[in-house]
Amino acid sequence: MRLRLVTFLLILAVIPGQGFSLSPHDTARKKSTVPKPSQSKKGPSLKIMAKGKASPEIMKNFLIRYNGEADLAMVSRLVKIYIIEANREGVNYEVAFCQMCLETGFLKFEGSVSKYQHNYCGLGCVDMFSGGDWFGSMEEGIRAHIQHLKAYASHEPVRSPLVDPRFSNVQRGSVRVVTDLTGKWAADPEYGKKISSMIARLYGL
């Protein structure tokens with residue numbers, strides 16, 4: 001009888017209230033299984049000087065969805081160049097890519113700029129009658145686009161040969177996020193919001 005009483009008292013000491021007490025090891029293990037909210041709710045970045053996250057396949061399929069007549073091999077090459085050039089300069093390639101989709105109408109080139117100009121961001125198009133700048137290749141046109149974004153968003157020098165003819169025409173470091181491009185890159189009061197919306201569509205948001 002005395003042995004049963006001692007055993008019962010020991011059980012009460014281990015089980016306070018209605019639940020078992022956890023050792024420090026068990027407590028740490030239980031806490032580590034709780035996911036951090038920021039990991040699951042973090043969306044695309046609207047910062048210009050940032051690292052893009054979308055895969056080349058997602059970007060390619062996004063453009064083809066809105067322009068089914070675009071050449072698949074050409075689109076794949078264009079996406080690859082955007083990622084390479086943007087990563088070299090520390091520019092967010094999702095911003096540059098979505099700006100290109102907006103400026104070219106998903107490579108339909110129905111405005112004043114011709115596809116033969118390799119001008120993917122409206123450089124030099126100061127009004128609806130000006131044709132904008134010409135570049136010798138897709139690589140050069142995309143590089144100029146990335147460099148012009150970096151001119152606005154950073155004080156750092158470019159890491160590749162300068163091909164942007166208007167690099168020195170902007171106020172360096174005057175833009176931080178996409179919406180800051182409104183009134184600077186284009187006069188359209190909704191310009192930055194349109195690019196932001198394009199990025200959201202890229203992510204299916």
Side-chain angles (χ1 to χ4, degrees), residues 43-48 50-89 91-150 152-153 160 163-166 177-179 181-182 184-205:
S45 174
L46 298 181
K47 291 181 179 179
I48 293 174
K51 189 171 181 61
K53 296 178 290 183
S55 70
E57 195 69 17
I58 288 176
M59 295 165 68
K60 179 182 68 177
N61 291 339
F62 177 72
L63 195 150
I64 295 296
R65 187 191 315 159
Y66 293 98
N67 183 3
E69 297 181 2
D71 180 75
L72 191 58
M74 183 272 290
V75 172
S76 297
R77 180 166 161 253
L78 177 137
V79 167
K80 181 180 179 181
I81 296 171
Y82 260 105
I83 293 175
I84 291 173
E85 292 292 336
N87 284 343
R88 179 185 292 124
E89 300 295 347
V91 171
N92 187 341
Y93 62 74
E94 294 167 0
V95 169
F97 176 77
C98 288
Q99 185 180 26
M100 177 276 299
C101 289
L102 176 65
E103 288 281 355
T104 67
F106 296 95
L107 297 179
K108 294 177 183 177
F109 291 99
E110 296 174 334
S112 60
V113 176
S114 163
K115 66 180 181 180
Y116 303 107
Q117 293 177 238
H118 299 296
N119 186 339
Y120 302 101
C121 61
L123 274 178
C125 296
V126 295
D127 54 50
M128 62 183 297
F129 302 105
S130 57
D133 297 325
W134 287 70
F135 299 97
S137 65
M138 177 186 290
E139 288 83 359
E140 186 178 280
I142 293 174
R143 179 171 293 179
H145 181 188
I146 298 299
Q147 290 179 347
H148 205 63
L149 280 171
K150 187 172 186 176
Y152 269 116
S160 51
V163 296
D164 172 19
R166 301 171 188 277
V177 294
V178 169
T179 49
L181 292 172
T182 302
K184 295 180 182 293
W185 198 291
D188 180 0
E190 298 295 316
Y191 188 73
K193 290 183 180 179
K194 288 177 180 178
I195 299 176
S196 300
S197 175
M198 191 79 72
I199 295 172
R201 285 157 65 187
L202 175 67
Y203 274 79
L205 302 176

_Glu89: which residues meet the salt bridge (charged side-chain N to carboxylate O under 4.0 Å, His left out) condition with it, sequence neighbours left out?_
Lys150

*Tell me, do Trp134 and Asn119 make a side-chain contact under 4.5 Å, heavy atoms counted?*
no

_Tell me every residue that passes ring pair (Phe, Tyr, Trp, His ring centres under 6.0 Å) with Tyr82, counting only those two or more places apart in sequence or in another chain._
His145

*Quick one: does Ser76's side chain have a donor or acceptor within less than 3.5 Å of a partner on Leu72's backbone?*
yes

*With distance as the sole test, does Trp185 use its side chain to make a donor-acceptor pair with the main-chain N or O of Cys121 at under 3.5 Å?*
yes

*asked:* Given Phe97, which partner from the list Ile83, Ile199, Leu78, Leu102 fulfils the side chain to side chain contact (heavy atoms under 4.5 Å, CB included) test?
replied: Leu78

*For the residue pair Ala54 and Tyr93, what are the closest heavy atoms and their distance?*
O-OH, 2.7 Å

_Using a 6.0 Å cut-off, check whether atom NZ of Lys115 has over 12 heavy atoms from anything other than its own residue._
no

*asked:* Can you confirm if the aromatic rings of Phe62 and Phe106 lie within a centre distance of less than 6.0 Å?
replied: yes

*Decide salt bridge (Lys or Arg N to Asp or Glu O under 4.0 Å) for Lys47 and Glu94; before the verdict, give the C-alpha distance in whole Å, the side-chain angles of both, and the deciding distance to 0.1 Å.*
CA-CA 10 Å; Lys47 291 181 179 179; Glu94 294 167 0; over 6 Å; no

_Tell me the closest heavy-atom pair linking Cys98 and Met198, and the distance in Å._
CB-CG, 3.6 Å

*Give the ring-plane orientation class for His148 versus Tyr152, where under 30° counts as parallel, over 60° as perpendicular and anything between as tilted.*
perpendicular

*Of the non-hydrogen atoms in Lys51 and Asn92, which two are nearest, and what is the gap between them?*
C-OD1, 4.3 Å

*asked:* Ignoring hydrogens, what is the shortest heavy-atom contact between Thr182 and Pro189? Give both atom names and the distance.
replied: CG2-O, 3.5 Å

*Does the distance from a Lys or Arg side-chain N to an Asp or Glu carboxylate O, for Asp133 and Arg166, drop under 4.0 Å?*
yes

_Greater than 12 external heavy atoms within 6.0 Å of Lys60's NZ_ = yes

*List in chain and number order the residues that pass side chain to side chain contact (heavy atoms under 4.5 Å, CB included) with Ser196, two or more places apart in sequence or in another chain; answer none if no residue qualifies.*
Leu46, Val178, Thr179

_Regarding Gln99 and Tyr120, do their side chains bring together a donor and an acceptor under 3.5 Å, going by distance alone?_
no

*Measure across Ile146 and Glu85 and return the closest heavy-atom pair with its distance rounded to 0.1 Å.*
CG2-O, 3.7 Å

_For the backbone of Glu57 and the side chain of Asn61, can you confirm whether one donor and one acceptor N or O come within less than 3.5 Å of each other?_
yes

*Closest non-hydrogen atom pair, Cys125 against Ser112*: SG-OG, 4.2 Å

